[in-house]
Structure formats: structure tokens, C-alpha cells
Amino acid sequence: MPKETDVEISRRAFLKTAGTSLAAVALAAETARQVSAITPPAAPETKPIPLPPTSAATERTHDPAPTPLAPSKRLGVAVVGLGNLALAQVIPAFGETKYCKLTALVSGTPDKAREVAAQHGIPARSIYSYETYDTIKNNPNVDIIYIILPNSMHAEYTIRGAQAGKHILCEKPMATSSAECQQMIDACRKANRKLMIAYRIQYEPNNRYMRQLVQSQQYGPVKVIEAVNGQNQGDPDQWRQKKALAGGGSLPDVGLYCLNTTRFLTGEEPTEVIATTYSTPGDPRFTQVEETVLWQMRFPSGIQSNNTTSYGFHEDRRYRVHAATGWFGLDPAFSYHGLQPELSYATGKIEHRERPTLGDKNQFALEIDHMALCVLQNQTPYTPGEEGLQDQRIMEAIYQSAKTGKPVKLPAITTRDTFRGTPPVEES
Ligand code: NAD
């Protein structure tokens, strides 16, 4: 693995030559806005094989049998970076994808790559190092590249991947600065390739149900959203604790879920943020990046949000939406499994408390399949690069507010879902 300083130097040199065009970014945002009005595409081969019901009509319905494309028709995906997320979540999720399959690996550790390739039937010719990555352009079995590297490497590997003629699915946070995000959008646009940021929550049914409650005003207008995402971080030497590799601390890693999900639930963009940061003095984990960030956001409709993220407390990942005639939320909200809706409202003398069950879906399979469908049907992904850039801009405003101790205003955006593309197919 290259030393951190080497990575940073090569990344800077690379990005310097990649160039940025603000006009292209604005055009891409406009395209994303236009397609957001388009009806979701029909999934190919959508007819599930009919099965006789086994329960009474009053029982909860279950998903129909899945409708996968034949393996020969599925798009090929290369995974770049074989760390925790790739090996424990993303690669296993290909067992549940319907429109794509794992066809190549990119890793700096040849032994590990060979072992993973053997587990998944990937031929040796489809294993790449970071040095040979660009030759992936000659591999016709790779349509999409999924980047799962430390945050500061996302921009370089996105740009090189697009230049190799592949569509890009990139992990969150999109990059470590809004300038890098713009370069990534530009590069994909120039190469006429799609760019999606892996915001799995926006494809997940429990969170989509919460968005429906917000948008339909089922419990009246929303007033306040409270969101928390934090965890107690370990090894001080890991890349997440290094500013050059992570870009920041708890905010871009886990606090981003509070930010992105609040924007997703409301469909609105904040016009103002106010924030504070705190790191326990002497804690070796927080010499370069922050431990805790508390911030508030104001939205054009009058909704306000209160957000907490930390690397210093026991895992907690939840939100609650306070509306005029009820509250609702998820606890947990941002975990991979076991998301639990909660809601409360009153009828006459009765105060209702409900914990409805929607059940689990593989969030990574949903997200990767959305990307594959967008490529197959030439649609803009629901969470394109513009969505990641907007989060990055807001995070920069949050840090600025914490630094100056003053609220930071953001450009007023009054349209809804301004940065989102084609909505995902709603599955029963
Ligand atoms: P990880 O540390 O487990 O894996 C990172 C991989 O990058 C490793 O295989 C490592 O060898 C490789 N790497 C290459 N160059 C490196 C360098 N210079 N320093 C350190 N590692 C280097 O991290 P992870 O948890 O898999 O996270 C990877 C990305 O995925 C991050 O951007 C993270 O934010 C994102 N992520 C997203 C989710 C989600 O739910 N969507 C969850 C976890 C992580």
C-alpha cells in the first residue's frame, strides 16, 4: 500500500491536471433537475413468477419472487478497494442484485485480491492493482466501477475510471472538497459516463416510507427534524483519523447521514447552518479530525433540523420528524439492518404509539441495481454527483460556521429535489 504522503502528493498532481468547468457542472445539475420529473423506468423482465398465496388475505403481504436478468445480460461491476465495506457488505450484496454482477477487482494487496477473486469466480485477468487500474478500459466485462476507497482517493479513481470509459458508482462522502466533487462531475460528463454517489438510505424502503410521510404531510406540516449518527471510534492510526485521507472526522463519515437524509426527507435545501465542533483534549484519535459536531439547519419551508454526530459515544443512529399532529422516525435509521419505524399521534383521548414493520432489504443490492438500471435505460441516477457536491458544500458551510462561531448562509434553492435524478423503481 502506498504511504499516505505519496497518495496525497499523487492525488494533488492528478487533480491539478484534471481541470474543472463550472459551466459543465451547472449544465449537469440542470439535466438532473429535468430528469427528476420523469416517471421511473420500468424494470426489465418485471413479471414475477406467480406463486399461490399461503396466508389469509388479512395477513401481511410478502415480496413476490425476484425477477433477475439472466447473468449474460447483467452489467459487470468492478469493485475498487477491498476493505471492510467492500468485503463485508458490497460484495456479498451481489448475491441479491438483479441487473448486475461482480466481474473485476482492484486492490493494492495481490494476495487478498486473489483470495476474493477465487471466492467469487473472477478470473486472474480481471484483477487490477492501483497501478494497472487504467487498463480496465480494455475489459469489456466491466461496465460500472464501484469506488470503495478512503475518501481522499474517490476523486482520482472516479476520474481515472471515467477516462477508462466506465460508469462510476462512488462511496460517500463523494470527496474531501467541493472542488474535487466538481472535477469528478466534469470528468464523467466529458466521458459521457454516469456518476452516482452511493447514498444507500435514499433507496431503502423504511426511509422512503418516512419521506412519504413528510411529503404527503400525513401528520401536518413538518416543523423540526432531529437526527443523530455517531459511534465510538477505535484505532487512532486508521485512515478515518487522518485529515489528508478522510477530509474530516465524524461529520463527513457518519454525520453526513443526518445531513443527506434530512435533505432527502424534505426534498429541500438548507438556506442557513450554524454549528459547533468539539474534540476531547489529549485524545489521540482527534489530533487531526473532529470528534463531535452539533449543527442546525434552516429550510425554505420553515423546517428546522438539529443534528448530532460524534466519534466519541456509543453507536446511535436515529432521527425523529416532529410534525404538527404527530411525530415519526426511525431508530435505528442508518444501520445496515433492523431499521425500525416509530410514530405517535392522537385520536380523541387516545395517544397512539406505533412501531410498524416494513422489514429489511439489502440496501447495497438496491443501490447497485439502481445504478445498473440507469445505465441500461440511460437515465440519470437518483443520487448523481450533483447530490454529493451539494452535501460537500453544506459540510464546508458547517465547518465554516463552527470556525467563525456565526451562522453561514447558503444560496436559496426553492425547487424540490433539485439535485436528484430518476427516482428508483418502487418495488412492492
Ligand atoms: P477500510 O479502511 O475498511 O477499506 C479501505 C480500503 O482502501 C482498504 O482495502 C485499503 O487497503 C484500501 N486503501 C488503498 N489505499 C489506502 C490508503 N492510502 N490508506 C488506507 N487504505 C487504503 O474502509 P471502509 O470502511 O471500507 O470505507 C471505504 C469507503 O466506504 C469510505 O469512503 C467510507 O466512507 C465508505 N463507507 C460507506 C459506508 C456506507 O454505508 N455506504 C459504510 C462504510 C464505509
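Numbering of ligands and ligand atoms starts at 1, following listing order. Only heavy atoms go into these numbers, but all of them, side chains included; no hydrogens, no water, no symmetry mates. We count residues from 1, following the sequence as given.
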So, does His154 sit close enough to ligand 1 that a heavy atom of it is under 4.0 Å from the ligand?
yes

Will you find, in the side chains of Tyr203 and Asp369, an N or O donor that is under 3.5 Å from an N or O acceptor?
no

Using a 4.0 Å cut-off to any heavy atom of Tyr336, which atoms of ligand 1 qualify?
40 (O), 42 (C), 43 (C)

Distance-only side-chain donor-acceptor flag, Gln231 / Arg317, under 3.5 Å
yes

Numbering the atoms of ligand 1 from 1, which are under 4.0 Å from a heavy atom of Leu82?
9 (O)

Just going by heavy-atom distances, which of Leu85, Leu149, Val90 is nearest to atom 29 (C) of ligand 1?
Leu149

Atoms of ligand 1 less than 4.0 Å from Glu171 heavy atoms?
30 (O), 35 (C), 36 (N), 37 (C), 38 (C), 39 (C), 41 (N)

Please confirm whether Arg240 approaches ligand 1 to less than 4.0 Å, judged on its heavy atoms.
yes

Please identify which atoms of ligand 1 are closer than 4.0 Å to at least one heavy atom of Arg200.
39 (C), 40 (O), 41 (N)

Taking only heavy atoms of Lys112 into account, list the atoms of ligand 1 that are under 4.0 Å away from them.
9 (O)

Run the contact test for Phe364 against ligand 1 with a 4.0 Å cut-off on heavy atoms, strictly below, and give the result.
yes

Residues Tyr199, Tyr382; criterion ring pair (Phe, Tyr, Trp, His ring centres under 6.0 Å); working and verdict:
CA-CA 9 Å; Tyr199 287 119; Tyr382 190 54; over 10 Å; no

In terms of its nearest heavy atom to atom 7 (O) of ligand 1, the top option of Gly81, Cys170, Pro150 is Pro150

Tell me whether the guanidinium CZ or amine NZ of Arg160 lies under 6.0 angstrom from the six-membered ring centre of Tyr157 and within 45° of its axis.
yes

For Tyr257, take its heavy atoms, then give the atoms of ligand 1 lying under 4.0 Å from any of them.
38 (C), 39 (C), 40 (O), 41 (N)

Asn141 side chain to Ser126 side chain, donor-acceptor N/O pair below 3.5 angstrom
no

Looking at Pro173, which atoms of ligand 1 are within less than 4.0 Å of one of its heavy atoms?
34 (O)

Pairing of Glu226 and Arg320 as salt bridge, 4.0 angstrom limit:
no

Above 12 or not: heavy atoms from other molecules or residues under 6.0 Å from CZ of Arg298?
no

Going by atom types only, do Glu204 and Asn207 share a side-chain donor-acceptor pair under 3.5 Å?
yes

